[in-house]
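Below: the structure, in structure tokens.
We count ligands from 1, going down the list as the structure has it; atoms in each ligand are counted the same way. Just so you know, these numbers use all the heavy atoms, side chains as well, and skip hydrogens, waters and symmetry mates.
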Amino acid sequence: MKKDLLTLADIDLNDLENLFDLTRKMKAERGKSNYRPLSGKSIGMIFAKSSTRTRVSFEVGISELGGNALYLDESRMQVGRGETVADTANVLSRYLHGIVIRTFSHQGVEELAKVATIPVINALTDEYHPCQILADMFTILEYSGKVKGTKLVFTGDCQSNIANSLILGAKLTGMELVFAAPEEFKPRADVIGNASNISWESDPVKAAKDADYLYTDVFVSMGFEEERKMRLEKLMPYQLSMAMVKAAKPSVKILHCLPAHRDEEIAAEVMDSEYSIVFDEAENRLHVQKALLAMLFDR
Ligand code: CP
Ligand code: NVA
């Protein structure tokens, strides 16, 4: 495995299999194991954006693995007052054993990781959210017994960090990924490249046909609040609705990275239905990230 996890392009199928084997173990043995690969290690968690799941699951995970997590509000760091990313990376590498970072610029995280001599984990940028999609794929593996060949339909903002990371996840695993979005929000061709298992459809109900999983994300991501009015106008027809659920397989499951806005990107009746597995998905963030931390630091 590489030093950093900035996008899912940083891992190969072998890493993914090892990660999911370890995740299963972490989940089964939670609270019973004495495995402490982070003992004596301090992980800095730099956050420039809000978070509930990512912050809490990383802090709890680091603590359960014997490590020390430091929450660092980016706006209170000197990098927010003009210190360079490179100087910050150099300094933090002298104190810490790893960095988890949630910020706006993906390029900024790449720069940080390039200079830092310690592992850097992307906890969400404007462009990618790899930890979320690792948990999503693990959840699919638990429910379907496989990821390859399962049909996941994502509706809404198909240019979000979630959508981009789903593309890389589908490229890695061979999952069948169908996007439902208007022209303005269709998935990025430069991220898809020449993958043949990823497609785009403008009619959400047509897209949902025979889906194993239906997935959506907020219409207004953090940092895009100024576009709220335009986004709602264009994206409301792509709400994850009961009509989509009915077009999918009878066994369909609903995914959402959360936080959810009921009756915006997802109908409340879908979010709260028997099809929804969103809290299992959220729980898996903890188990997958613990496995990831162990793989990055226990070597
Ligand atoms: N899904 C996710 O990353 O949630 P938070 O923004 O609460 O961390
Ligand atoms: N696309 C969303 C994901 C939240 C976990 C955002 O960036 O706000």
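Heavy-atom proximity to atom 6 (O) of ligand 1, evaluated over Arg102, His256, His129, Glu281, is greatest for Arg102.
The shortest heavy-atom distance from Leu258 to ligand 1 is under 4.0 Å.
The distance criterion of under 3.5 Å between nitrogen or oxygen atoms is not met by Arg102 with respect to ligand 2. Residue Asn161 places at least one N or O, backbone or side chain, under 3.5 Å from an N or O of ligand 2. Checked against a 3.5 angstrom limit, the closest N/O atoms of Met222 and ligand 2 fall inside it. Considering both main-chain and side-chain atoms, Ser221 comes within under 3.5 Å of ligand 2 through a nitrogen or oxygen pair.
Side chain of Lys49 to main chain of Arg102: no donor-acceptor pair is present (N/O by atom type, distance under 3.5 Å, no hydrogens or angles).
At least one test fails for Arg55 against the ring of Phe47: distance under 6.0 Å to the centre or angle within 45° of the axis.
Residues Tyr128 and His106 place their aromatic rings such that the two centres sit under 6.0 Å apart.
At a threshold of 4.5 Å between non-hydrogen side-chain atoms, the residues Met236 and Phe219 count as touching.
The environment of Glu226 atom CD is sparse: at most 12 non-hydrogen atoms of other residues, nucleotides or ligands sit within 6.0 angstrom. Other residues, nucleotides and ligands place more than 12 heavy atoms under 6.0 Å from the NZ atom of Lys3.
Here the heavy atom of the protein found nearest to atom 2 (C) of ligand 1 is Arg285 NH1, 3.4 Å. When only non-hydrogen protein atoms are considered, atom 4 (O) of ligand 1 lies nearest to Arg53 NE, 2.8 Å. Regarding atom 3 (C) of ligand 2, its nearest protein heavy-atom neighbour is Asp217 OD1, 3.6 Å. Looking at atom 4 (C) of ligand 2, its nearest protein heavy atom turns out to be Leu124 CD1, 4.0 Å. Looking at atom 7 (O) of ligand 1, its nearest protein heavy atom turns out to be Thr52 N, 2.7 Å.
When each of Gln289, Arg285, Lys290, Glu283 is tested with Ser57 by the rule side-chain hydrogen bond (donor to acceptor under 3.5 Å, both in side chains), just one qualifies, namely Gln289.
A salt bridge between Asp212 and Lys151 is absent, with no side-chain N of the basic residue lying under 4.0 Å from a carboxylate O of the acidic one. Salt bridge present: Lys2 and Asp10 bring a charged side-chain N and a carboxylate O closer than 4.0 Å.
Only the side chain of Val218 comes within 4.0 Å of ligand 2, counting heavy atoms alone; its backbone N, CA, C and O stay farther away.
If you number the atoms of ligand 2 from 1 as listed, the ones under 4.0 Å from a heavy atom of Leu258 come out as 5 (C). Heavy-atom proximity to Cys257, at under 4.0 Å, picks out these atoms of ligand 1: 1 (N).
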